[in-house]
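So the structure is just underneath, and the comments pick up after that.
Throughout, a chain's letter reflects where its sequence line sits, starting with A, and its residues are numbered from 1.
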Amino acid sequence: MTTTDNTVLQITDLHAAIGENEILRGISLTVNAGEVHAIMGPNGSGKSTLAQVLAGHPAYEVTAGRVTYDGEDLLEMEPETRAQRGLFLAFQYPVEIPGVTNAYFLRAAYNEIRKAKGLDEIDPIEFLELVEHRLKLVDMDPAMLNRFVNAGFSGGEKKRNEILQMAVLEPRLAILDETDSGLDIDALRVVAHGVNSLRRPDNATIVVTHYQRLLNYIVPDRVHVLAGGRIVRSGGKELALELEARGYDWLTEAAPAGVGVGTGA
Amino acid sequence: MSVQGYVEAFERFARDGGRTPAWLAPIRRAAMDRFQALGFPTRHDEDWHFTSAAPIAEADFTPLAGLGGPETVADVSSADLEPFTFRGAEWPRLVFLNGRFAASLSSTVGLPARVRVASLADALANDTPELRRHLTTIADTERNAFAALNTALFTDGVFLHVPAGVSVESPIHLLFLTDAEGARGVAYPRILVVADAHAQATLIESYVGLGDPSYFTDSVAELSLGDGSRIAHIRVQRESQRAFHVGLSQARQARDSHYASFSFATGASLSRANIYTDLAAPGAEVTLDGLYLADDAQHVDHQTRIVHRAPNCASHEVYKGILDGAAHGVFNGKVYVHPEAQKTDGKQTNNNLLLSTDAQVDTKPQLEIFADDVKCTHGATVGRLDEVALFYLKSRGLAAEEARTLLTYAFAADVLQRIATPAVRETLESLVRERFVGVPALAAG
């Protein structure tokens with residue numbers, strides 16, 4: 001596996017567990033700047049666990065392996081430090097926070113990242129202008145800013161709100177955890193448009209999904225199939241189409257027990 | 001002070017008699033007899049199972065303002081009251097210092113001409129049919145020893161009468177202050193609000209301690225809501241951290257009336273608020289909400305009682321509590337639905353947030369439903385900050401401490417949204433922030 005200055009994320013033989021239950025069993029993956037990687041797999045394969053471990057979810061314990069992010073040890077960092085360094089997880093189930101407005105939350109998050117970069121906090125007026133521009137990207141009503149974070153939002157609104165946060169925070173590495181699940185086709189297009197608009201040569205995206213459908217709109221450079229906590233197949237975007245046609249069984253059955261087929265891009 | 005001590009205080013008070021109209025004297029005596037029969041509540045009383053009144057029963061308090069005398073407010077100026085206003089609003093207000101009406105700090109400018117608001121001592125001296133018809137007829141002194149004691153011994157307070165069809169635009173602030181002069185004293189503030197048909201008003205009842213004196217407040221507020229009237233009543237308990245506070249607020253609601261009650265409690269060493277309402281006629285609605293914040297060794301108790309006596313009434317109740325340190329919170333929410341109260345719509349929620357391992361809360365929702373066609377729900381939770389929500393905030397770059405503070409504040413802000421008067425809501429939000437420092441104003445967006 002080669003690492004270049006262009007490498008954003010390098011995962012090496014990552015194992016993670018909840019209690020006694022090992023969920024990730026040796027994942028290796030390299031993501032370079034400018035790339036979009038799709039991680040696919042059946043339910044229970046460990047896709048969402050991988051996403052949450054990368055963001056630092058406290059429920060999971062990393063039992064072996066290494067993860068470097070821009071050359072630094074990611075696993076040593078607190079979740080907030082990861083965020084301040086530009087890692088962003090779009091949650092599969094965004095959390096409702098009644099009592100905190102979307103506008104406040106967005107600005108607090110934005111300012112934390114600015115502070116980490118040694119920049120001054122942005123004032124509310126200036127911030128509002130920035131947000132209004134980003135709202136258009138995800139086709140959201142400005143009135144949503146005054147509502148409490150995700151409280152009473154529909155499933156589609158919650159997912160859009162995640163992408164709005166991503167648009168405001170402009171992450172170096174975005175991880176979308178099943179952002180497509182539960183979305184109708186119109187919402188899917190909006191979300192995909194938002195993600196595509198934010199692609200740049202110096203950032204990277206990991207799209208975790210169960211379905212190939214999203215990948216019609218967000219075209220990946222690499223597709224990885226996860227099963228039983230390992231990557232069992234990696235390939236180009238055509239692999240996603242093959243999965244759509246053939247399902248997952250041919251891969252999960254063929255996977256030799258105890259051997260992870262990790263490949264970098 | 002023993003029960004006997006209060007009986008003797010009453011006998012001295014009754015002998016003086018100067019401020020009690022003849023019609024009230026037998027009512028006071030009956031109340032004192034009732035107090036004597038009931039005695040101070042003990043843990044054997046169901047409603048006092050989680051709260052000990054012993055610290056009040058065992059302390060000695062001197063009656064404040066018992067026998068009149070000149071107003072002594074030289075050491076308190078209007079500027080001193082600024083922190084207890086609502087964003088500096090110049091609303092009509094009646095201020096009481098150490099149990100006595102302070103005319104020089106009070107103002108009724110801006111009230112509609114027909115509205116009557118007066119200190120209760122003045123109102124009793126020139127009493128009206130409304131006062132006589134309602135005073136002492138709403139509060140439950142039969143089962144409530146502290147309310148009986150107040151009835152026997154109150155000397156001052158407020159009488160507010162809003163005539164039929166009159167809408168009072170500006171909130172009216174009743175501010176009961178106790179400073180060092182009131183240390184070791186007991187005051188019995190008494191409030192009567194009479195809202196005639198389709199009258200409308202907002203009332204704020206504040207209890208504030210200046211400095212750190214120890215004293216006892218035993219208050220009673222009675223509210224009569226006429227047909228179609230709308231009263232918002234916000235109770236703000238910010239007594240000194242060494243004070244004792246027992247308060248009863250009891251409303252009687254006529255047809256189609258709307259009562260919005262909010263109880264905010266953050267002060268006192270030991271506090272108990274009884275918030276009662278009777279939905280006595282069809283179409284009456286009530287929202288009974290509250291927020292209590294306590295830390296160190298504070299004890300804060302709310303007992304709410306909603307009685308549905310008539311069909312097609314609605315009651316919605318949300319109480320929240322945040323307990324830190326070794327604080328103890330108590331919530332007991334009773335909802336009675338009488339057999340004739342069909343089509344009752346009742347919803348009660350009590351959520352508690354424990355910020356430390358030593359803090360505790362006892363919550364007891366009690367629904368007693370004797371009608372068969374009703375929609376009633378209740379729920380109570382006791383929990384710590386949601387780990388998933390904390391992770392969500394941290395994953396957006398907020399430091400752990402900041403995330404905890406924000407979630408704590410948000411927990412409180414959620415129920416404060418139910419207060420309709422923005423200046424009151426924002427002031428209480430600030431008070432919450434003072435307890436959980438470091439959170440800037442959320443309203444600024």
Side-chain angles (χ1 to χ4, degrees), chain A residues 51-52 54-60 77-91 93-117 121 123-125 127-128 131 145-146 148-151 162 165-166 168-169 171 175 177, chain B residues 289 291 293 318-322 349 351-353 379 381 383-419 422 425-426 428-433 435-436 438-445:
Chain A
Q52 304 217 50
L54 292 176
H57 195 293
Y60 300 96
M77 297 179 200
E78 292 295 325
E80 57 269 32
T81 310
R82 301 177 196 203
Q84 289 160 9
R85 302 273 177 92
L87 187 147
F88 179 90
L89 172 66
F91 279 51
Y93 303 109
V95 180
E96 298 192 7
I97 309 181
V100 178
T101 63
N102 235 354
Y104 177 83
F105 178 54
L106 277 170
R107 187 156 60 89
Y110 185 78
N111 278 330
E112 287 304 326
I113 288 167
R114 282 183 68 92
K115 274 193 273 179
K117 288 178 180 164
E121 294 191 14
D123 74 65
I125 311 280
F127 183 69
L128 205 59
V131 171
L145 293 175
N146 296 323
F148 291 147
V149 178
N150 294 326
E162 293 291 285
Q165 291 170 29
M166 177 178 157
V168 168
L169 302 177
I175 303 163
D177 186 5
Chain B
D289 302 316
L291 174 65
L293 312 169
V318 178
Y319 266 78
K320 286 194 169 194
I322 302 177
T349 309
N351 303 125
N352 297 281
L353 181 58
T381 63
R384 304 192 182 275
L385 288 175
D386 179 3
E387 289 297 329
V388 177
L390 280 172
F391 174 59
Y392 189 61
L393 294 179
K394 287 195 270 187
S395 81
R396 297 297 180 258
L398 277 70
E401 192 50 42
E402 203 176 337
R404 302 188 79 81
T405 305
L406 184 58
L407 284 184
T408 305
Y409 175 77
F411 179 85
D414 187 43
V415 66
L416 292 174
Q417 297 305 312
R418 294 168 69 92
I419 297 174
R425 185 172 64 235
E426 289 159 17
L428 297 185
E429 283 171 355
S430 302
L431 291 177
V432 174
R433 277 197 295 278
R435 293 209 73 146
F436 308 103
V439 183
L442 299 200

In terms of heavy-atom proximity below 4.5 Å to chain B, should [X] be classed as side chain, backbone, both, or neither?
X	answer
A:Glu96	neither
A:Tyr110	neither
A:Asp123	neither

*asked:* Can you confirm whether A:Tyr93 is buried at OH, in the sense that more than 12 heavy atoms of other residues, nucleotides or ligands lie under 6.0 Å from that atom?
replied: no
*Just wondering, are more than 12 heavy atoms of other shown residues or ligands nearer than 6.0 Å to CZ in A:Arg114?*
yes
How long is the straight-line distance from [atom2] of [Y] back to [atom1] of [X], given to the nearest 0.5 Å?
X	Y	atom1	atom2	result
A:His57	B:Tyr392	NE2	OH	13.0 Å
B:Leu390	A:Ile97	CG	CD1	9.0 Å
B:Arg396	A:Met166	CZ	CE	10.5 Å

*Do B:Lys394 and A:Glu112 sit within salt-bridge range, that is, some charged N less than 4.0 Å from a carboxylate O?*
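Between A:Glu112 and B:Lys394 there is no salt bridge, as every charged N stays at least 4.0 Å from the carboxylate O atoms.
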*Closest approach of A:Val100 and B:Ala410, non-hydrogen atoms and distance?*
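Closest pair (atom of A:Val100, atom of B:Ala410, distance): CG2-CB, 3.4 Å.
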*asked:* Show the nearest heavy-atom pair for residues B:Leu398 and A:Glu80, with the distance to one decimal.
replied: O-CB, 3.3 Å
_Largest heavy-atom contact set with chain A, pairs under 4.5 Å, which of B:Ala389, B:Ala400, B:Gly397, B:Ser395_ = B:Gly397
*Give a yes or no on whether the ring-centroid distance for A:Tyr104 and B:Tyr409 is below 6.0 angstrom.*
no
*chain A heavy atoms under 4.5 Å from B:Leu407: which part of the residue, side chain, backbone, both or neither?*
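The side chain, not the backbone.
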_Leading residue by heavy atom contact count with chain B [cutoff under 4.5 Å; candidates A:Pro94, A:Pro171, A:Ala108, A:Pro79]_ = A:Pro79
